[in-house]
Amino acid sequence: MVNDERMKALGLRLFEINAFKFGDFKMKVGINSPVYFDLRVIVSHPDVMDTLADMLQEFIADKKLNTSGGHLCGVPYTALPVATLISIKSNKPMLIRRKEAKKYGTKKLIEGKFGAGDKCLIIEDVVTSGSSILETVDDLRSEGLTVTDAIVVVDREQGGVQNTEERGIRMHSLFTLSYLLQVLLEAKRIEESTVKAVAKYIEACQIRSDGSFMKNGTKVVNELCRTGMTFEARADLAKCPLAKELLRLMATKKTTLCLAADLTSSEEILNLADAVGPYICLLKTHCDIVADFSEQFVRSLQSLARQHNFLLLEDRKFADIGNTVAQQYAGGMYRIADWADLVTVHSLPGQGILKGLKAAITGERSLDTRGVFLLAEMSTEGALTDEKYSTATMKMATELDADFVAGIVCQSKDLVVAPGQLQLTPGVKLEEGVDGLGQLYDSPERVVKDRGADICVVGRGILSSKTPADTARIYRDRLWEAYCERIGSVETNGASK
């Protein structure tokens, strides 16, 4: 009998390694889902692979499906390594089903040694409608094999059991989506509202074996869509500790304003930070343009950040190999890692740049107190950050380094789907337009509601004002009102401070 405590521990581990996540995801069956499973990541975690294979082997024995003379067949492709491990551990022969026959050689769809009438147990990772299982069943049966049962790691509970049963297949799932949600709720990884939102989605969107959808009403509302959720709810789903802290700070302080303090004098920056501090969540710096940069300047800036409750973002835009950025981040005259809570990073060098930055976080520094914003898009005319580049950047952000990437610098709400990551968008001004250097500007309302920005960067719109504090307050209020309208809330900042 599979132990419940082991089940819960494995469920939490799958969440920790990003094998499932919350957001707004397009599914294979053509609908959007608030939860996404990607068990392919387990191949990078041998301990998870081993534990899962052991538990599935026990589960098969519990269901009395470990009969003699039978074969195993993993549904391609994610279930193949899992089926292979079970085959080795249980000493049962395995078959491989190709998605399409080779155009050379034997041209077989089913590889392995078997005879007509042999039994075969199907292994699958995640089931929504059950279509992949049924495709595998058809190919196995066409070769004369007998197939009556399928073992599944996760059942999303959207019709798979019923659809496979109609074709004579009993589906047995180790986990259900509902069970995993309860495990996360008990462990305080998610809130009750998240469980209810997903349950509502499951109930409203069942899928028939022919691929058609059974919906309650005319539209399935995804209540876990990033742009429709509150910052408080999203904080519970953040993988990056700095993203969690920033989301809670924004909710408490009721501001989404980031000031770009692009000034060359430390005194001017400190005076500005003190004046606008009450209205911002982030202060963005370019330390290499500060003519009189010093350790005292940094200490004073940190003191103001604590006093006014905002974080420091150094807009360094790291873009070199891992070893070089590690030195740029931790060393030199700026020692950015010592004082900047967050830094901006180009994804051009690949995953190595994030590994290099992480390697520089040593001593008193901690990954819990440091994070990055990856640049997926830029706000200038003619930028070379095309769709392919942006997509690759998002893959970096959500796969291996979700614990370090607090958010994405971009212009489009369609890029950032994980509720726990933040969209930071530059180019915000009370009046829309283009400056003489090709910088594009959008209004606060357009950037927040149409473009999906969580944090909006304002520079010259405040810096050029004769009363920066008053102007910052205006930006803060308009941005916060747009955010409240986006999530369907009537809450605003009310009277000015």
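Side chains are part of it too, since the values below use all heavy atoms of this structure and drop only hydrogens, waters and symmetry mates.
- More than 12 heavy atoms of other shown residues, nucleotides or ligands fall within 6.0 angstrom of atom CD in Gln307.
- With contacts defined as side-chain heavy-atom distances shorter than 4.5 Å, the pair Val298/Asp338 does not qualify.
- By the neighbour-count criterion of 12 heavy atoms within 6.0 Å, atom CD of Glu387 is sparsely surrounded, having that number or fewer from other residues, nucleotides or ligands.
- In this structure the side chain of His308 never reaches within 4.5 angstrom of the side chain of Val276, judged on heavy atoms.
- Within the 3.5 Å criterion, the main-chain N or O of Arg299 finds no donor-acceptor partner in the side chain of Ser303.
- Phe37 is not listed as a side-chain neighbour of Asp125, based on a closest heavy-atom distance of 4.5 Å or more.
- Using a 30° and 60° split on the angle between ring planes, Phe231 and Tyr483 fall in the parallel class, below 30°.
- Side-chain contact between Cys456 and Val448 is present, with at least one heavy-atom pair separated by less than 4.5 Å.
- The stretch residues 182-191 participates, sequence neighbours left out, in these salt bridge (charged side-chain N to carboxylate O under 4.0 Å, His left out) pairs: Lys8-Glu186, Glu16-Arg189.
- The two residues Ala273 and Leu301 make their nearest non-hydrogen contact at CB-CD1, 4.2 Å.
- Taking the side chain as every heavy atom from C-beta outward, Val457 and Leu424 approach each other to under 4.5 Å.
- Two residues are said to be in side-chain contact when any heavy atoms from C-beta on lie closer than 4.5 Å; Asp442 and Asp450 fail this criterion.
- A donor-acceptor contact closer than 3.5 angstrom is absent between the side chains of Thr51 and Arg13.
- Under a cut-off of 6.0 angstrom, the local environment of CZ in Arg40 is sparse, with at most 12 non-hydrogen atoms contributed by other residues, nucleotides or ligands.
- For the residue pair Glu157/Ser178, the side-chain donor-acceptor check at 3.5 Å is satisfied.
- The minimum heavy-atom distance between Asp454 and Met250, with the atom names listed, is O-CE, 3.6 Å.
- Arg478 places no side-chain N or O within 3.5 Å of a backbone atom of Ser443 that could act as its donor or acceptor partner.
- Interatomic distance, NZ of Lys317 versus NE2 of His346, reported as 6.5 Å (0.5 Å rounding).
- Taking OH from Tyr201 and CG from Leu177, the interatomic distance works out to 9.0 Å, rounded to the nearest 0.5 Å.
- In this structure, Tyr389 and Leu384 have side chains that are not in contact, with every pair of non-hydrogen atoms separated by 4.5 Å or more.
- In this structure, Asn309 and Lys253 approach most closely via the heavy-atom pair O-NZ, 3.2 Å.
- Taking each heavy atom of Met229 and Ile487 in turn, the nearest pair found is O-CG2, 3.3 Å.
- Note on ring orientation: taking the six-membered ring where Trp is involved, the planes of Tyr334 and Phe293 are perpendicular (angle over 60°, cut-offs 30° and 60°).
- In terms of heavy-atom proximity, Leu283 sits nearest to Ala261 at CD1-CB, 3.9 Å.
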